[in-house]
Amino acid sequence: MKTALIILAAGKGSRMLSDLPKVLHPIGGVPMLDHVLATSRVLEPEHIVVITGHEAEQVEKHLATLPYETTTVRQDEQLGTAHAVAQAKEALAGFDGLALVLFGDTPFISAQTLETMAEAAQSNDVVILGFEPEDPGRYGRLVMQDGSLQRIVEYKDASEDERAIGLCNGGLTAVSSPLLFSLIDQIGNDNASGEYYLTDIVAKARAQGHSATAVVCSEEETIGINTRAQLAQADGYFQTKMRQEAMAAGITLMAPETVYFAHDTVIGRDAVIEPNVVFGPGVSIESGARIRAFSHLEGCHVSRGATVGPYARLRPGAELSENVHIGNFVEVKNAQVSEGAKINHLSYIGDASVGAGTNIGAGTITCNYDGVMKHKTTIEEGVFIGSNTMLVAPVTVGAGALTATGSVITKDVPSDAIASSRVEQNNRLGKAQKFFNMLRAKKARLMKDK
Ligand code: UD1
Ligand code: CA
């Protein structure tokens, strides 16, 4: 069925106390809005309309960075969920498929649930997502009769009997687009909040002889975020899910509760993730790799058999081939490290390529930045970079070459050459203790003068 998504994201989120619009607060490293989009895109929508309002520009700017098209429509005043949906009318003019309304602050709806709703919409005019929370609190209540949905009553407007209903409104609504906008046109705001309620479309539809039903999902899927505490809780829920999925897929997490995942972390089976590892967005790790404790990875790829850490940092563009070793206190950024290369201690390798089997000694730095521009360092295969080498980019070290410990390499090094650029050593015999005695005498004089 042709589908359009209408995602409500105009609300202020006052309880977040934030300059960042609520829907842009991150879960697993990306805005909660992206979770809603990622899941709902399984329906292959023809249109994605996002209703923005509070800090609309920031939301629009973010949406423009996504690799697929969205339409944004502003709701300048937030007069209620029906009023929000009404803003999409023009954007969906002429569209006669199914319209699915979602909330930008309800990120955990499953694709399965959305598919069930779309299916239910083939034989029901209005489909509402219901759930049965442990504590129904202030959710809207679904009034059912003989298995069909009669109306939704908001908590504020509900009678005692209605408040006793356990089946609540999760907020998602699926209706054919023309019917949705025709029903919304008829909704008023004569209620306890003085708002235009999207939920009122159910009673309107029923009064006009249309059918309505509820699809029921688990409470976790409808978790909404209104406060920082709920944001942390939601992220915790997301992390738990990611950890369980990782372990179920054959990945060893030595201390699962200490591993932080991004929404898109991909790990192959038999990889081992030691305690306290953080994955930012864009990480893929192949089978059998090992990420040792306290490492931070983002935007990088780690191949089969490679080891990273402990205490390593892989930044965007770090590409490690098979059996590469990255050791403690090593930072790699925008660099391709070929098979079997080793960078084991205290180094910075940025804007570089490192050839197969090359060994980078402790304390090596690629000096990639001249204060204005970034430059590339090329280290070919089988090179031995002596400890504490400064590679001043742009520079190339040819295959099989060696740089002497402590060298500052400013010129290209030909293949198989030994490059050394340090001051020759000078041993002044019998001078060390004399030197210290001189210093001690100086200190004693200074103390006496005080
Ligand atoms: C809504 C439902 C309630 C349901 C609950 C589930 C209505 C009238 N009530 O209540 O039955 O149990 O969700 O969480 O729909 N928004 C806009 N523009 C507006 C108003 C809201 O974009 O003018 C957005 C909000 O940013 C939010 C979503 O719509 O993402 C829901 O609005 P909210 O005010 O949170 O509705 P609830 O009172 O929670
Ligand atoms: Ca809400």
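Every number for a ligand or one of its atoms is a count from 1 in the order of the listing.
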Polar atom proximity, Thr81 to ligand 1 (N or O, under 3.5 Å): yes
Distance-only side-chain donor-acceptor flag, Thr403 / Thr389, under 3.5 Å: yes
Within reach of ligand 1, part of Lys22 (heavy-atom separation under 4.0 Å): neither
Within-cut-off N or O pair, Glu77 and ligand 1, under 3.5 Å: no
Between Tyr369 and Asp351, a side-chain donor and acceptor under 3.5 Å: no
Residue-ligand contact Ile51/ligand 1, heavy atom below 4.0 Å: no
Polar contact flag for Phe103 and ligand 1 (N/O pairs, less than 3.5 Å): no
Residue among Leu180, Leu183, Val49 satisfying side chain to side chain contact (heavy atoms under 4.5 Å, CB included) with Val85: Leu180
Residue pair Ser338 / Gly355: nearest heavy atoms and the distance that separates them: CB-C, 3.6 Å
Distance under 6.0 Å and angle within 45° of ring axis: Arg163 vs Tyr155: yes
Region of Leu79 that comes within reach of ligand 1 [heavy atoms, distance under 4.0 Å]: backbone
4.0 Å heavy-atom contact, His83 with ligand 1: no
Ligand 1 contact on Ala10 by region, counting heavy-atom pairs under 4.0 Å: both
Arg243 with Glu257: basic N within carboxylate O range, under 4.0 Å: no
Ligand 1 atoms in contact with Leu8 (distance to a heavy atom under 4.0 Å): 22 (O), 24 (C), 29 (O), 30 (O)
Donor-acceptor side-chain pairing of His83 and Gln75 below 3.5 angstrom: yes
Contacting atoms of ligand 1, where contact means under 4.0 angstrom from a heavy atom of Glu154: 2 (C), 3 (C), 7 (C), 8 (C), 9 (N), 11 (O)
Residue selection (non-hydrogen contact nearest atom 18 (N) of ligand 1) among Arg138, Gln75, Lys156: Gln75
Min heavy-atom dist Gly80 to ligand 1 below 4.0 Å: yes
Option set Phe131, Tyr139, Tyr197, criterion heavy-atom distance to atom 14 (O) of ligand 1, minimum: Tyr139
Parallel, tilted or perpendicular: ring planes of Phe294 versus Tyr311, cut at 30 and 60 degrees: parallel
Distance filter under 4.0 Å to Ala84 heavy atoms, resulting ligand 1 atoms: 17 (C), 18 (N), 22 (O)
Nitrogen or oxygen of Asp105 less than 3.5 angstrom from that of ligand 1: yes
Residues Thr113, Glu115; criterion side-chain hydrogen bond (donor to acceptor under 3.5 Å, both in side chains); working and verdict: CA-CA 5 Å; Thr113 294; Glu115 275 161 358; over 6 Å; no
Parallel, tilted or perpendicular: rings of His47 and Phe95 (30°, 60°): perpendicular
Polar contact flag for Asn169 and ligand 1 (N/O pairs, less than 3.5 Å): yes
